[in-house]
There are 2 protein chains.
Amino acid sequence: MLTEERHHLILQLLKEKEVRKLQEFVEATGSSESTIRRDLSQLEEEKKLIRVHGGAALIKQKRSEPSMMEKSNQHAEEKKRIAMYAAKFLRKGDCIYLDAGTTTLAMIPHIEEKDITVVTNSITHAAALTEKGIQTFVTGGFLKANTRALIGQGALHGLNQYSFDKCFIGVNGIQLNVGFTTPDPEEALIKRTAMKQSLETYVLADRSKFNETAFAHIAHLNQAVIITDKLEQELLHSYKEKTSIKEVEA
Amino acid sequence: MLTEERHHLILQLLKEKEVRKLQEFVEATGSSESTIRRDLSQLEEEKKLIRVHGGAALIKQKRSEPSMMEKSNQHAEEKKRIAMYAAKFLRKGDCIYLDAGTTTLAMIPHIEEKDITVVTNSITHAAALTEKGIQTFVTGGFLKANTRALIGQGALHGLNQYSFDKCFIGVNGIQLNVGFTTPDPEEALIKRTAMKQSLETYVLADRSKFNETAFAHIAHLNQAVIITDKLEQELLHSYKEKTSIKEVEA
DNA sequence: CCAAATTCAATCAAAATCATTCAAAAACAT
DNA sequence: ATGTTTTTGAATGATTTTGATTGAATTTGG
C-alpha cells in the first residue's frame with residue numbers, strides 16, 4: 001500500500017470517528033506500527049490531524065461566535081428539526097441561495113446532496129459549505145458585524161449575477177396581512193432580491209416567528225413556502241388560507 | 001503500444017482510482033518499468049498527475065498548494081515582523097485592499113488606525129477585520145476551499161466597484177526578470193486587478209519568496225513596493241535596481 | 001507513590017523504488 | 001539502402017521506505 005493511500009485512508013477513518021487508536025490504523029492498512037507512526041507524524045506536521053498518546057485525533061477549528069451562539073440556543077431543537085427537513089428539498093444539480101441566519105446555518109450539516117451550487121451572503125455559511133465540499137459562491141458586499149451577513153449595494157450587485165432554483169431564507173416576523181418581515185431594511189432588500197431571482201422560495205421559521213412583525217417588509221405570504229415545526233391547529237388553519245406551509249414530518 | 005496510448009491509459013486508470021502503483025501501470029500497458037517511469041515524469045511535467053513514491057496520484061489542488069494551516073507556521077516570526085511593519089503604513093481615512101494570504105492576515109492584529117475602509121477577497125480576513133471594528137467590504141466570488149480566498153468572475157466584478165489608496169498583497173515568487181508570481185492564475189488575476197485600482201501597491205514577502213517563480217504572473221517588479229525582512233546584501237542590491245524595497249526596521 | 005504495561009522516538013539493516021546510463025531496437029528521414 | 005534520431009528495456013548504484021529492535025517516556029492500576 002502506497003504512502004499516499006495510507007494517508008488518505010487514515011484521514012478517512014478519522015473523519016468517521018474523531019479519535020482512533022494507532023492499532024486501528026495498523027489493521028486497516030496492513031502496515032507496521034513504525035510506518036503508521038511515521039505517517040501520523042507527517043500528517044501532524046501538515047496540520048491534518050493531531051497526535052494523541054495511543055493514536056490520533058481529528059483537527060478541529062472551532063470558530064466561536066458569541067452573538068451567533070447566543071441566538072442559536074433559542075429554539076435550538078425546533079430549528080434543527082426545521083433545518084433538517086428543509087435540507088431534504090435539495091436535488092442533484094440545484095442552484096440555491098442560502099440566506100444568512102442561524103436556521104439556514106443549521107441546514108448545512110444535514111445537506112446530503114453534495115452536487116449542488118450554493119450562493120450565500122453569509123461568510124459563516126460559506127466557510128461551512130466549502131468545508132463540506134460544496135461549490136460555494138459569496139455575494140460580496142459590506143460585512144455587518146453582528147450577523148456576519150453581507151449587505152448593501154455590493155451584496156445586491158453580486159446577487160444579481162445569479163439565478164436560483166430554490167432559495168432558503170430566514171425571517172423575524174410572519175403576520176397574516178403584513179407578510180414576512182426582518183429588522184434591518186438592508187437585509188430585507190437582499191432577501192427580497194434573492195426571492196425574485198429564484199423559482200421557489202422556502203422560508204424557514206420556528207413557531208416563535210408567527211404573528212410577529214419586524215420593521216422591514218420582505219414579501220407577502222403567498223410568495224414563499226413556509227417550512228416550520230408542528231403548529232397549533234388554529235394558527236395553522238388561518239395561515240393555510242394565505243400561503244403554503246410544510247410541517248416537519250415525524 | 002504507442003506513447004500517446006500509454007499516457008491516455010495511465011490517466012484513465014488514475015481517474016478510476018486516485019492513487020496507483022507503478023506496477024499496475026506496467027501490467028496494464030505491458031511496457032517495462034523504465035518506460036512507465038518516463039511516462040510518469042512526462043505527465044508530471046505536464047501537470048497531469050503527480051508522482052509519489054511507488055506510483056502516481058491524481059492531481060489535487062490540495063497537494064499543489066499547502067493549506068492555510070500548513071502555511072501559517074512557516075516563517076512565522078519573519079512574517080509577523082513584516083506584517084507589523086506593513087500595518088504602520090496605514091493612515092486615517094485610507095481605503096485599502098487586503099489580499100488573501102497568511103502574511104496579510106498577520107497584519108490585522110497590528111492595525112492601530114481604526115478609521116479605515118478595507119476591501120478583501122478573504123472571508124477569514126473579513127471576519128477578523130470586522131471583529132476589530134474596522135469597516136469591511138468583501139469582493140464576493142467563488143470560495144476556494146484551501147485558501148479561503150474568493151476568486152473568479154464574481155470576485156473580479158466585486159473588485160471593480162472600488163478604488164484604493166493602497167493595496168497589500170502576498171505573492172509566492174519574486175524573480176528579477178519575471179516579477180511577482182503565484183500558483184493560481186485566477187488569484188493572480190485578482191491581485192493584478194487590485195493593483196490596477198490602487199494608487200500604491202505593497203507586496204509583503206519574506207525571504208523565502210525571493211528568486212522563486214510560481215506558475216502565474218502577477219506584475220512586474222517596478223509596479224509595487226516590496227516590504228520584507230532583512231535581506232542578504234547581495235540579494236538586496238540586485239533587487240534595489242529594479243524596484244523599491246522597504247526593510248523591516250529594528 | 002510505585003511498578004507493570006503500554007506507547008513512544010530513535011536507530012538500523014533489509015527491501016523496494018528511484019534516476020541515470022547505455023546499448024539494442026524501432027521509427028524516421030534522406 | 002543508409003545514416004540519424006527516437007524509443008525502449010536492462011543494469012547500475014543511489015535514495016527512500018519499511019519493519020524490527022532498542023531503551024526512554026507515558027499511562028494505568030493498584
Side-chain angles (χ1 to χ4, degrees), chain A residues 1-60, chain B residues 1-67 69-74 76 208 211-215:
Chain A
M1 181 172 252
L2 255 40
T3 309
E4 281 291 321
E5 289 181 277
R6 279 198 320 271
H7 286 195
H8 198 265
L9 181 55
I10 287 170
L11 293 174
Q12 199 63 40
L13 287 171
L14 270 178
K15 263 189 193 165
E16 288 167 20
K17 195 154 158 293
E18 284 196 7
V19 185
R20 294 254 187 198
K21 287 196 235 176
L22 186 128
Q23 200 51 39
E24 294 184 64
F25 297 128
V26 169
E27 282 166 25
T29 60
S31 307
S32 73
E33 212 169 278
S34 299
T35 300
I36 297 298
R37 280 182 204 293
R38 270 185 288 259
D39 287 341
L40 295 184
S41 295
Q42 265 184 268
L43 288 168
E44 183 176 43
E45 190 76 22
E46 296 169 19
K47 310 280 171 194
K48 304 275 179 61
L49 54 74
I50 298 175
R51 293 188 69 177
V52 295
H53 196 91
L58 196 59
I59 212 146
K60 279 222 268 188
Chain B
M1 182 173 254
L2 253 40
T3 308
E4 195 58 33
E5 286 180 273
R6 279 200 319 274
H7 285 197
H8 196 265
L9 182 54
I10 287 170
L11 292 174
Q12 199 62 41
L13 287 171
L14 269 179
K15 263 188 194 163
E16 288 167 20
K17 193 155 160 293
E18 282 193 10
V19 184
R20 292 256 187 196
K21 288 197 231 186
L22 186 126
Q23 201 52 39
E24 294 184 64
F25 297 127
V26 170
E27 282 166 26
T29 61
S31 307
S32 74
E33 214 170 277
S34 300
T35 300
I36 297 298
R37 280 183 204 292
R38 270 185 287 259
D39 288 340
L40 296 184
S41 295
Q42 262 184 269
L43 289 166
E44 184 177 43
E45 191 75 24
E46 297 169 21
K47 313 243 184 224
K48 302 276 180 61
L49 54 75
I50 53 174
R51 295 188 68 178
V52 296
H53 196 92
L58 203 56
I59 209 130
K60 270 209 199 169
Q61 280 297 90
K62 257 195 214 158
R63 284 186 246 268
S64 60
E65 272 181 88
S67 75
M69 285 291 224
E70 215 173 319
K71 268 189 189 166
S72 64
N73 275 2
Q74 298 168 347
S208 72
N211 288 337
E212 292 286 328
T213 303
F215 179 59

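Reminder, nothing fancy here: chain letters follow the sequence lines and each chain counts from 1.
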Checklist entry - Above 12 or not: heavy atoms from other molecules or residues under 6.0 Å from CD of B:E46? => result yes

Next on the checklist: Within a 6.0 Å radius of atom CD on B:E4, are there more than 12 heavy atoms belonging to other residues, nucleotides or ligands?
Outcome noted: no

Checklist entry - Considering only heavy atoms from C-beta outward, does the side chain of B:E33 approach that of B:Q23 to under 4.5 Å? => result yes

Next on the checklist: What I'd like to find out is whether the side chain of A:E24 reaches to under 4.5 Å of the side chain of A:K17, using heavy atoms alone.
Outcome noted: yes

Item to check | Passing candidate, side chain to side chain contact (heavy atoms under 4.5 Å, CB included) with A:L22, options A:L40, A:D39, A:V52 | outcome: A:L40

Checklist entry - Between the main-chain N or O of A:M1 and the side-chain N or O of A:R6, is there a donor-acceptor pair closer than 3.5 Å? => result yes

Item to check | Close approaches to DNA chain C from residues 22-41 of chain B, in residue order (heavy atom, under 4.0 Å) | outcome: B:L22, B:R37

Next on the checklist: If you assign B:L2 and A:L2 each to the DNA chain D nucleotide with the nearest heavy atom, which residue ends up on the more 5' nucleotide?
Outcome noted: B:L2

Checklist outcome for this item: chain B reaches DNA chain D, atoms under 4.0 Å from its heavy atoms, from D:dT8 to D:dT17

Next on the checklist: Could you walk me through whether A:K48 and A:Q42 satisfy the side chain to side chain contact (heavy atoms under 4.5 Å, CB included) test, starting with their C-alpha distance in whole Å, then the side-chain angles of each, then the deciding distance to 0.1 Å, before giving a yes or no?
Outcome noted: CA-CA 9 Å; A:K48 304 275 179 61; A:Q42 265 184 268; over 6 Å; no

Item to check | Nearest heavy atoms of B:L13 and B:A28, plus distance in Å | outcome: CD1-CB, 3.7 Å

